[in-house]
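Following: one structure in structure tokens, then a few remarks.
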Amino acid sequence: MPEGEPRSQNSTDVVDGCIDSIASALSEYGWLTLDAGELLGHALLRELAHEVRILDKTDNLKKAGVGRGSDHLKDRSVRRDKIAWLQGETVPQQALFSVLEELQRSLNRRLFLGLNRFEAHYATFHSGDFYRKHLDSFRGRASRVVSLVLYLNDDWNAGDGGALQVFNRDNDNEVCGVVTPEMGRMVVFLSEEVPHEVLPANRTRYSLACWFRQDEVPLPL
């Protein structure tokens, strides 16, 4: 099948083909990186990339903050990206959600995580933007359990900055991985256990972040 053509497999078949490696890496290391081209298909990756670029160019992304609800704080010394939450209203988002729903079911079957829902947003880091070292969820909150980040950037190289720096979950001073945000690269990690940061970008950087959660009622964004 030529690259970029729609896949004939459904989302269950595709997720089943990679869930073993995802589950094993999460159990042993707390994180992994993989090529999302197999999971999502190259055509869908291009459609998602086009969508976030349009949102950015039309000024439809908002400054991101830290915390949720009444604790939400827009601290520019911590993070400087802009985001737009996905509602599953467009065709690319519906296709993405189909895969994420199957991934959630597979993670529950393999790792017994009790995941009940997920949330996702696009993120744009303009030149100079960053996100300091952090965890995606405080321990014991039983909220965000598994994080997923998908990169949507063509022709990215090391000099463009914006890499995701991943720290050892047993020693948060030890860098155990640096992920270049190139098109189709995906990172999956345990939200409460793996510290990470986005290094300053030297050009506009696009990504999509998703969190699989145990709680059932969405909190105010």
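None of the values given here were measured: they were computed from a predicted structure.
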So which atom in [X] and which in [Y] form the shortest heavy-atom distance, rounded to 0.1 Å?
| X | Y | value |
| --- | --- | --- |
| Gly159 | Asn202 | O-ND2, 2.9 Å |
| Leu208 | Ala120 | CD2-CB, 4.4 Å |
| Leu152 | Leu45 | CD2-O, 3.9 Å |
| Gly114 | Asn108 | N-OD1, 3.1 Å |
| Asn168 | Pro195 | O-CD, 4.2 Å |
| Glu193 | Leu135 | C-CD2, 3.8 Å |

So [Y] and [X], do their side chains get closer than 4.5 Å, heavy atoms only?
| X | Y | result |
| --- | --- | --- |
| Phe125 | Tyr206 | no |
| Phe189 | Val187 | yes |
| Val178 | Leu164 | no |
| Leu107 | Ile22 | yes |
| Val198 | Asp81 | no |
| Asn153 | Met183 | no |
| Phe167 | Val194 | no |
| Tyr151 | Arg205 | yes |

For the pair Asp136 and Arg144, evaluate salt bridge (charged side-chain N to carboxylate O under 4.0 Å, His left out) and give the outcome as yes or no after the intermediate values.
CA-CA 7 Å; Asp136 280 357; Arg144 291 176 173 175; 5.1 Å; no

To the closest 0.5 Å, what do you measure between [atom1] ([X]) and [atom2] ([Y])?
| X | Y | atom1 | atom2 | value |
| --- | --- | --- | --- | --- |
| Cys18 | Glu38 | SG | CD | 7.5 Å |
| Leu86 | Gln93 | CG | CD | 3.5 Å |
| Leu61 | His126 | CG | NE2 | 7.5 Å |
| Leu150 | Leu96 | CG | CG | 7.5 Å |
| Arg185 | Glu182 | CZ | CD | 5.5 Å |
| Gln165 | Cys176 | CD | SG | 9.5 Å |

Are Val188 and Leu113 co-members of a hydrophobic cluster defined by side-chain heavy atoms under 4.5 Å apart?
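Yes, because Leu113 and Val188 connect within a single hydrophobic cluster, where side-chain heavy atoms sit under 4.5 Å apart.
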
Answer with yes or no whether the hydrophobic clustering places Leu111 together with Leu34; edges join I, L, V, M, F, W, Y residues whose side-chain heavy atoms lie under 4.5 Å apart.
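The answer is yes; both residues are in one hydrophobic cluster.
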
Within the side chain of Ser191, is there an N or O that forms a donor-acceptor pair under 3.5 Å with the backbone of Ser147?
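Indeed, once roles are kept as given, a pair shorter than 3.5 Å links the two residues.
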
Under 3.5 Å donor-acceptor, Trp211 side chain and Ser137 backbone
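Here the side-chain-to-backbone pair does not exist.
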
Is there a salt bridge (charged side-chain N to carboxylate O under 4.0 Å, His left out) between Glu119 and Arg213 once you walk through the steps?
CA-CA 8 Å; Glu119 59 189 2; Arg213 305 177 63 105; 2.8 Å; yes

Worked check of side-chain contact (heavy atoms from CB on, under 4.5 Å) between Leu39 and Val15:
CA-CA 6 Å; Leu39 191 64; Val15 171; 3.9 Å; yes

With a sphere of 6.0 Å drawn around [atom1] of [X], does it hold more than 12 non-hydrogen atoms of other residues, nucleotides or ligands?
| X | atom1 | value |
| --- | --- | --- |
| Lys133 | NZ | yes |
| His134 | NE2 | yes |
| Asp155 | CG | no |

Go through Arg169 and Leu190 one step at a time and tell me if the side-chain contact (heavy atoms from CB on, under 4.5 Å) criterion holds.
CA-CA 9 Å; Arg169 61 178 174 178; Leu190 297 177; 3.6 Å; yes

Begin with the C-alpha distance, continue with both residues' side-chain angles, and end with the deciding distance and a verdict on salt bridge (charged side-chain N to carboxylate O under 4.0 Å, His left out) for Arg53 and Asp154.
CA-CA 12 Å; Arg53 288 189 184 98; Asp154 288 318; 3.4 Å; yes

Start with the C-alpha gap between Leu103 and Leu148, add the side-chain angles, then the distance that decides, and say whether side-chain contact (heavy atoms from CB on, under 4.5 Å) holds.
CA-CA 11 Å; Leu103 182 57; Leu148 180 154; 3.8 Å; yes

On the ring face of Phe130, is Arg132 found with NZ or CZ under 6.0 Å from the centre and within 45° of the axis?
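The answer is yes; both the distance and angle limits are met.
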
Any side-chain donor near an acceptor of the partner, Glu51 and Thr90, under 3.5 Å:
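Judged by distance alone, the side chains do pair up.
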
Aromatic ring pairing Phe97/Phe118, orientation class (parallel under 30°, perpendicular over 60°, tilted between)
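If you compare the ring of Phe97 with that of Phe118, the planes turn out perpendicular.
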
Take Ser127 and Arg203, measure what side-chain contact (heavy atoms from CB on, under 4.5 Å) needs, and give me the verdict at the end.
CA-CA 5 Å; Ser127 182; Arg203 55 174 272 207; 5.8 Å; no

Candidate pair Asp16 and Arg109, rule salt bridge (charged side-chain N to carboxylate O under 4.0 Å, His left out), full reasoning
CA-CA 11 Å; Asp16 283 347; Arg109 286 195 300 267; 3.8 Å; yes

